[in-house]
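In what follows, a single structure is set out as structure tokens and then discussed.
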Amino acid sequence: MKEATEKKEGDSVLSELELPLWSVVSFDACEASGLTYAAAVKLLAEKEAAGVYGLCVVTDEASGRLRS
């Protein structure tokens, strides 16, 4: 990962979990990318409820390697 685990932005501290650099992937495809970790977990739960299998949350960097 390019950035440190935490970075200062004004008065707030953002962790990588709050940055939009997460993807949800399944056995078949990258379901979505550019998500915060919380949004990725929410989407993972929605996709799982819809019967999509093999889901996991990975970085956008890792999902980009899956697409190649």
Side-chain angles (χ1 to χ4, degrees):
M1 305 212 176
K2 296 175 192 157
E3 300 186 17
T5 302
E6 295 181 347
K7 70 176 192 173
K8 273 278 202 197
E9 275 196 12
D11 291 340
S12 65
V13 176
L14 295 177
S15 76
E16 288 182 340
L17 298 177
E18 296 171 326
L19 298 175
L21 52 80
W22 300 96
S23 296
V24 175
V25 296
S26 67
F27 283 136
D28 298 323
C30 178
E31 302 292 329
S33 60
L35 305 171
T36 63
Y37 191 82
V41 169
K42 181 180 177 189
L43 178 63
L44 185 139
E46 292 168 0
K47 293 285 185 177
E48 187 174 65
V52 179
Y53 299 103
L55 294 163
C56 63
V57 176
V58 299
T59 63
D60 287 348
E61 181 182 344
S63 71
R65 289 192 298 260
L66 294 174
R67 291 182 223 144
S68 328

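All of these numbers come straight from a predicted model, not from anything done at the bench. Both backbone and side-chain heavy atoms feed into the values below; hydrogens, waters and symmetry mates do not. When a residue number appears, it is its place in the shown sequence, counting from 1.
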Tabulate below the donor-acceptor pairs under 3.5 Å that side-chain atoms of residues 35-53 make, not counting sequence neighbours, or state none.
| residue | atom | partner | partner atom | Å |
| --- | --- | --- | --- | --- |
| T36 | OG1 | A39 | N | 3.2 |
| K47 | NZ | E31 | OE1 | 3.3 |

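When all heavy atoms are compared, the tightest approach of L55 to S26 is CD2-CB, 3.8 Å.
A distance-only check finds a donor-acceptor pair linking the side chain of D60 to the backbone of G34 [under 3.5 Å].
The line from CH2 of W22 to OG of S63 is 11.0 Å long, rounded to the nearest 0.5 Å.
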